[in-house]
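Taking it in order: structure first as structure tokens, then the write-up.
This one's a predicted model, so the numbers in the text were calculated from it and none came from an experiment.
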Amino acid sequence: MSQGVNNELTVSKTRRVVKNLRWWVLVLFLLGVTVNYITRNSLGILAPELKTELGITTEQYSWIVGAFQIAYTIFQPLCGWLIDVIGLKLGFMICACLWAVACIAHAGAGSWLHIALLRFGMGASEAAATPANAKTIGEWFPKSERPIAAGWAGVGFSIGAMLAPPIIYFAHASFGWQGAFMFTGFLALVWVVLWWLFYHNPEQHPNLSKEELAYIQQDNEPPAVKLPFLKALSNISKNKRFYGIAIPAFMAEPAWAVMSFWVPLYLAKTYGMDLKQIALFAWLPFLAADLGSVASGYLTKLYVRLFGFTRVNAVVASSVSGAFLMLSLAMMAFTSNPYVAIALISIGGFGHQIISCMLSALVVESFDRGQMATVNGMRGSAAWIASFIFSLIIGVTADKIGFNPLFIAMGFFDLIGAVFLIAFIAERRAKRA
């Protein structure tokens with residue numbers, strides 16, 4: 001008896017239990033994705049100056065953006081599989097180190113082709129963010145909390161883009177465009193250290209209580225099965241629910257690509273804004289996107305409470321609601337006021353993040369833990385194929401026809417995606433979650 005008491009005292013002295021640790025882990029992941037998007041969006045903010053300094057044409061810039069996008073497209077399933085096989089901690093850390101180094105190396109770029117090669121390397125490593133998102137939610141939250149957790153996790157994907165304009169502006173003012181790339185790359189390396197020190201799997205985390213571990217594992221999901229890469233892809237591609245997630249992701253991503261990579265150029269070209277003005281306003285759509293991320297999970301609870309939807313159908317309904325909000329982008333063609341344009345883009349950002357977060361929630365809802373990162377990587381690939389194609393279209397058409405026809409198209413893409421979401425994912429029988 002005394003020996004047992006002594007053991008408990010020893011444990012209490014060496015092990016500090018943190019209450020609601022799963023949410024603190026989510027904050028740590030959110031911080032990493034925030035840095036991911038700051039490094040990613042540094043190019044878009046600095047694009048007007050880079051075009052002048054390095055003599056880059058709009059079409060060449062589209063290829064620079066395309067290099068990132070095609071790498072992101074190809075490597076998302078690979079990064080997801082890597083994370084599923086070697087674990088979230090090590091897999092995400094390796095990728096973060098690589099994207100930090102690639103970002104710093106931008107400071108030595110001397111031509112558009114050099115930047116394009118660096119963006120390819122950066123896209124390949126940053127591709128880990130989307131599959132890591134699903135893995136974090138799947139490992140650390142029970143099914144009942146996953147839609148809300150997905151909403152909060154999505155904040156990182158937009159808050160980084162929101163913070164990028166002011167951070168890049170001040171870094172540029174202090175160190176020039178080369179120093180701005182180096183500064184954001186250094187931020188990523190700082191986060192790598194935090195991730196290595198403080199992230200552990202739930203079963204191994206020294207600060208997680210037994211009670212919270214039991215709460216996280218209450219759904220009694222089967223242990224993760226690790227499959228060879230091609231076998232994992234084959235199994236997933238045979239599941240029609242994957243297409244109910246991948247096709248809406250394909251239709252949704254062009255709008256996010258435009259916000260991330262093209263809005264600064266749009267504001268400069270259409271309304272004559274300089275870098276300072278862009279920094280003052282370009283973050284607003286991403287603030288709206290943050291709000292959409294947070295609102296998305298709570299919106300599912302509202303649909304359950306008001307209409308008695310199942311958990312899956314509530315997630316689908318939230319995503320469809322976001323699709324209707326994307327019609328705001330089509331209205332861009334009917335305004336010549338820059339502030340109205342920014343407001344409409346912001347509504348689109350709000351709607352897009354509802355869709356994106358709910359698609360992530362559907363991944364962890366529909367697939368087992370051993371496949372979550374791989375599936376979310378494949379979903380991301382579908383999204384970024386559309387992003388890559390649309391960026392190339394913008395590159396060869398924007399100078400000729402302007403941005404308005406492209407905004408109109410983006411306004412209706414998500415409603416098309418919503419049809420597939422309802423057809424392949426929505427549950428036909430009304431049963432309580």
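- A cation-pi arrangement is present between K89 and W196 under the rule of less than 6.0 angstrom and at most 45 degrees off the ring axis.
- You'll find the side chain of L118 stays beyond 4.5 Å of the side chain of M122, heavy atoms only.
- Residue W152 places its CH2 atom among 12 or fewer non-hydrogen atoms of other residues, nucleotides or ligands, all under 6.0 Å distant.
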Stepwise salt bridge (Lys or Arg N to Asp or Glu O under 4.0 Å) test for R146 and E365: CA-CA 8 Å; R146 287 175 185 173; E365 186 72 37; over 6 Å; no
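- With Q76 contributing its side chain and G380 its backbone, the two residues share a donor-acceptor pair below 3.5 Å.
- Distance alone, capped at 3.5 Å, places no donor-acceptor pair between the S319 side chain and the V315 backbone.
- Side-chain contact between E253 and F390 is absent, with no heavy atoms from C-beta onward closer than 4.5 Å.
- With a 4.5 Å cut-off on side-chain heavy atoms, L187 and T39 do not count as touching.
- The distance from atom CD1 of I137 to atom CG of N376, rounded to the nearest 0.5 Å, is 8.0 Å.
- For the pairing with T130, the side-chain contact (heavy atoms from CB on, under 4.5 Å) check across R379, K135, M378 returns one residue only, R379.
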Assess the residue pair V294 and D290 against the criterion (side chain to side chain contact (heavy atoms under 4.5 Å, CB included)); give the C-alpha distance rounded to whole Å, side-chain angles, the decisive distance to 0.1 Å, and a yes or no. CA-CA 6 Å; V294 174; D290 283 334; 5.8 Å; no
Side chain to side chain contact (heavy atoms under 4.5 Å, CB included) between V190 and V35: does it pass, once the steps are laid out? CA-CA 10 Å; V190 171; V35 174; over 6 Å; no
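- The two atoms that bring Y271 and S336 nearest to each other are CE2-O, 3.4 Å, heavy atoms only.
- You'll find the side chain of L54 stays beyond 4.5 Å of the side chain of Y61, heavy atoms only.
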Show the numbers, then the answer: is there a side chain to side chain contact (heavy atoms under 4.5 Å, CB included) between T34 and L30? CA-CA 6 Å; T34 298; L30 187 154; 3.7 Å; yes
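- Nearest heavy-atom pair across W140 and H200 is CZ2-O, 3.1 Å.
- The local environment of CZ in F403 is crowded, with over 12 non-hydrogen atoms from other residues, nucleotides or ligands closer than 6.0 Å.
- Contact detail for T300 and P147: the closest heavy-atom pair is OG1-CB, 3.8 Å.
- Between Y303 and F309, the angle of the ring planes stays under 30°, which puts this pair in the parallel group of the 30/60° scheme.
- Rounding to the nearest 0.5 angstrom, the gap separating the CD atom in Q204 from the CG atom in L213 is 11.0 Å.
- Of the inter-residue distances, the one linking E139 atom CD with I83 atom CD1 reads 10.0 Å to the nearest 0.5 angstrom.
- Below 30°, between 30° and 60°, or above 60°: for F181 and W177 the angle between ring planes is above 60°, a perpendicular geometry.
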Pair V375, N239 - check side chain to side chain contact (heavy atoms under 4.5 Å, CB included), show working. CA-CA 11 Å; V375 173; N239 190 331; over 6 Å; no
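- F75 CZ to T73 OG1: the interatomic distance, rounded to the nearest 0.5 Å, is 11.0 Å.
- Between L325 and I347, the closest heavy-atom pair is O-CG2, 3.8 Å.
- Across all non-hydrogen atoms, the minimal contact from I425 to R241 is CD1-O, 3.3 Å.
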Residues F29, F92; criterion ring pair (Phe, Tyr, Trp, His ring centres under 6.0 Å); working and verdict: CA-CA 10 Å; F29 173 77; F92 200 25; 5.7 Å; yes
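- Between the CD1 atom of I64 and the CG atom of L50 there is a distance of 7.5 Å, given to the nearest 0.5 Å.
- Counted within 6.0 Å of NZ on K301, heavy atoms from surrounding residues, nucleotides or ligands total 12 or fewer; the atom is thus considered open.
- Looking only at side-chain heavy atoms (C-beta outward), F242 and S237 stay at 4.5 Å or farther from each other.
- In this structure, OH in Y266 is found 6.0 Å from CG in N404, a value given to the nearest 0.5 Å.
- Other residues, nucleotides and ligands place no more than 12 heavy atoms under 6.0 Å from the CZ atom of F420.
- The backbone N or O of L230 lies less than 3.5 Å from no partner atom in the side chain of S234, so there is not a single donor-acceptor pair.
- Side chain of E49 to backbone of L46: no donor-acceptor contact under 3.5 angstrom is found.
- Distance alone, capped at 3.5 Å, places no donor-acceptor pair between the S293 side chain and the Q353 backbone.
- For the pair G151 and S296, the tightest heavy-atom approach, listed with the atom from each and the gap, is CA-OG, 3.5 Å.
- When side chains are defined from C-beta on, F229 counts as touching L78, because their heavy atoms get closer than 4.5 Å.
- Side-chain contact between M326 and F413 is absent, with no heavy-atom pair separated by less than 4.5 Å.
- W191 and W99 have parallel rings, their planes meeting at less than 30° on a 0 to 90° scale where 60° marks the start of perpendicular.
- More than 12 heavy atoms of other residues, nucleotides or ligands shown are found within 6.0 angstrom of CH2 on W23.
- Side-chain atoms of H205 and V18, non-hydrogen and from C-beta on, never get closer than 4.5 Å to each other.
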